[in-house]
Amino acid sequence: MHVPDGFLSPQTWIPAWGLAIGAWAWAARDLRRHLDEATVPRLAMLTALAYGLGLVMVPLPGGSSGHVLGVALLTLLFGLKPAFLAYSGVLLLQALLFGAGGITTLGINALALGLAGGVVALLLFRLLRPIHEGTAVALAAWGSVMTGALLLALVLGAQPLLASQADGSPLFFPFGWSITLPALLIPHLFIGLGEAALTLLVWRHARQRGWRLPSP
Amino acid sequence: MLPTLMRIATLVLLSLLLSLTLASRVAAHEIHLQVSPAPASLIQLQYADGQPFAFEAYELYPGNADSPAQVGRTDAQGRVAFLPGDTREWRLKAHTADGHGVDQRFQVAPADSTATTGPAPGLDHFSRLILGFSLILGGFGLYQFFACRKKKTRP
């Protein structure tokens, strides 16, 4: 789901970089309040897990493939700000080392997957936790994946409208919303299920081990 | 008798001419296939975990051209074969509808006609994976060492 270089117009990725820099500064401002000697190794381990999982493409029904993210897991266990920074680092490494994603598109990928995905995960978790904690974790993970997919589908599908040649042919990503929305949302319905199962598994183990939840 | 023969001869001649005209038009719809060996370059596209970028759309541009010289879909192994000719610099755009793909410029070497695409060509897949894990764990280790506050202890 990482958007590579060359797919987005400068009208998209330059403002996204500006927003992302602001978001990274906001997230880093009081990072020390969220992390201590016990949580840093755990965050490192699960960030490494997110890095590895993001590189494994799982075949999906219909012939496409996708990968889980780990954003909800990081957000629910460590809080929105550390998770957003950690996942941004994951996206940077995947882009630099594997060409999965891109540098110009790092801002939009981080905002859509790391920040928006994390915010939705946190909101769904807090909303549903009083009803049933396990369901809340699973739906938070599923919702974070779908949010990232929806935002990236909207951004990708807008490219033919934002930048095209004189003859109308698109300069960057060529498909409109009628293609990008189903192409991203339908496979991510299944990816979200995998993300929910993984997040719930690790969440339960962490709770059994007595991990302290992040303060709101 | 003679005019009748002349009329028949004229009809036969006209029919022959019509047949020849139609035959040439029919032949214009025929596709001739010719197979010949030629020095081609091969591009291999694959996902980060090694899976082939199979049956996906691509566009291949020579130099800084606005129009592609070749369009199509990658094969089952995620490959694109093309004839670079004298053009050294190329640009490949390949994308799936769900936002995966590449947009990359590359050089075709004239002698062996091989080109390498993809980041960090000096390291193999496994080394890049390990490098990533090392950077994550090392980065957090440095944060722990220099910037992290001590764990809260219960009184």
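Order of the sequence lines fixes the chain letters, A, B, ..., with proteins taken first and strands second; residue numbering starts at 1 for each chain.
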Contact part of B/Phe133 toward chain A, heavy-atom cut-off under 4.5 Å: side chain, backbone, both or neither?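 For B/Phe133, heavy atoms of backbone and side chain both lie under 4.5 Å from chain A.
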Take the angle between the ring planes of A/Trp24 and A/Phe84 and call it parallel below 30°, perpendicular above 60°, tilted in between. parallel
Against chain B, label [X] side chain, backbone, both or neither, depending on which of its atoms sit under 4.5 Å from a heavy atom there.
X        : result
A/Pro182 : neither
A/Leu171 : backbone
A/Leu93  : side chain
A/Ala48  : both

Relative to chain A, which of B/Thr96, B/Leu129, B/Leu137 shows the most heavy atom pairs under 4.5 Å?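 Of the candidates given, the most pairs with chain A belong to B/Leu129.
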Return the CD1 to CG distance between A/Ile191 and A/Leu185, rounded to the nearest 0.5 Å. 10.5 Å
I need the B/Gln46 CD to B/Thr74 OG1 distance, nearest 0.5 Å.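 So the gap between those two atoms works out to 12.0 Å.
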Between B/Trp90 and B/Arg105, is there a cation-pi geometry (under 6.0 Å to ring centre, at most 45° from the normal)?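 Checked: cation-pi criterion not met.
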Side chains of A/Gln159 and A/Thr12: does their closest heavy-atom pair fall under 4.5 Å?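 Yes. Closest side-chain heavy atoms under 4.5 Å.
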Pairs of heavy atoms under 4.5 Å with chain B: top-ranked of [options]:
options                     : value
A/Ile186, A/Leu43, A/Leu181 : A/Leu43
A/Val3, A/Asp5, A/Leu55     : A/Leu55
A/Pro41, A/Ala153, A/Ser169 : A/Pro41

Between A/Ser144 and A/Thr147, is any side-chain donor less than 3.5 angstrom from a side-chain acceptor?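 A/Ser144 vs A/Thr147: no donor-acceptor pair found between side chains.
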Testing B/Lys93, B/His95, B/Arg91 for side-chain hydrogen bond (donor to acceptor under 3.5 Å, both in side chains) with B/Asp103, which one passes?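 Output: one option passes, namely B/Arg91.
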